[in-house]
Amino acid sequence: GQSLEQPSEVTAVEGAIVQINCTYQTSGFYGLSWYQQHDGGAPTFLSYNALDGLEETGRFSSFLSRSDSYGYLLLQELQMKDSASYFCAVGISGNTPLVFGKGTRLSVIA
Amino acid sequence: DTAVSQTPKYLVTQMGNDKSIKCEQNLGHDTMYWYKQDSKKFLKIMFSYNNKELIINETVPNRFSPKSPDKAHLNLHINSLELGDSAVYFCASDRGGYGYTFGSGTRLTVV
């Protein structure tokens, strides 16, 4: 089966930096994606890594190490509106749907 | 313009009823999906369609039947609803490596 592990909850202070880790064990690997979901809302795409290294998009960055089957999402200058659930997701191949982790609930406190 | 639209947003119904959820995307994508999100927020794939053809049907009860009249629409019909079907159902469209665009979701409550 496919397995993605990420922490269930993280709490961080407004203005700080937080890292959400994701490790995966899958039968194939095509890329690692990250999604944000606010309570009552839909998941929204944040970033995608197909190759090793860091991808930066504004305050958010995502990292991938394929040899370690590991990635992380880095959120800088945290804002209250960043309080949400964050999901990592793996593409097993180009023709199969994403497999999602169980999500990390991030709470940003003042 | 909404990229992926789902209707209805809320659906409350009794056990044993049959209901449908509609999904439409105006992004021109070839691939669409149905995901189920349970109370613990776990997103599980149900169906995958590529250009109107079903390409994956995960272990979903056959009470669930997807229908795709054209590549912009992917509807979900559910027969004989059960309490365990209560969840949020998301339709998604595939940008091909640039991420999925999800619909706003349908919260189904079976009573």
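Remember, it's a predicted structure, so these values are computed and weren't measured experimentally. Below, chain A is the first sequence line, B the second, and so on; all start at residue 1.
- For Q37(B), the part sitting under 4.5 Å from any heavy atom of chain A is the side chain, from C-beta outward, and nothing else.
- In terms of hydrophobic clustering, with Ile, Leu, Val, Met, Phe, Trp and Tyr side chains grouped at heavy-atom distances under 4.5 Å, W34(B) and L43(B) are assigned to different clusters.
- Side-chain atoms of S68(B) come within 3.5 Å of backbone N or O of H73(B) as a donor-acceptor pair.
- In terms of heavy-atom proximity, K36(B) sits nearest to G84(B) at NZ-O, 3.3 Å.
- Closest of all the heavy-atom pairs between G103(B) and F90(B) is O-CD2, 3.4 Å.
- Under a 3.5 Å cut-off, the side chain of Q25(B) and the backbone N or O of A92(B) do not form any donor-acceptor pair.
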Next on the checklist: Run the side chain to side chain contact (heavy atoms under 4.5 Å, CB included) test on Q37(A) and F102(B) for me, step by step, so that the C-alpha distance in whole Å, both residues' side-chain angles and the decisive distance to 0.1 Å come before the verdict.
Outcome noted: CA-CA 11 Å; Q37(A) 185 180 26; F102(B) 282 84; over 6 Å; no
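- Ranked by heavy-atom pairs under 4.5 Å with chain A, the list V4(B), I45(B), T31(B) is led by I45(B).
- Within residues 97-104 of chain A, the residues that have a heavy atom under 4.5 Å from a heavy atom of chain B are P97(A), L98(A), F100(A), G101(A), K102(A), listed by number.
- At a 4.5 Å heavy-atom cutoff, the contact between T96(A) and chain B is made by backbone and side-chain atoms alike.
- For residues 43-110 of chain A, the pairs satisfying disulfide (SG to SG under 2.5 Å) are C22(A)-C88(A), with sequence neighbours left out.
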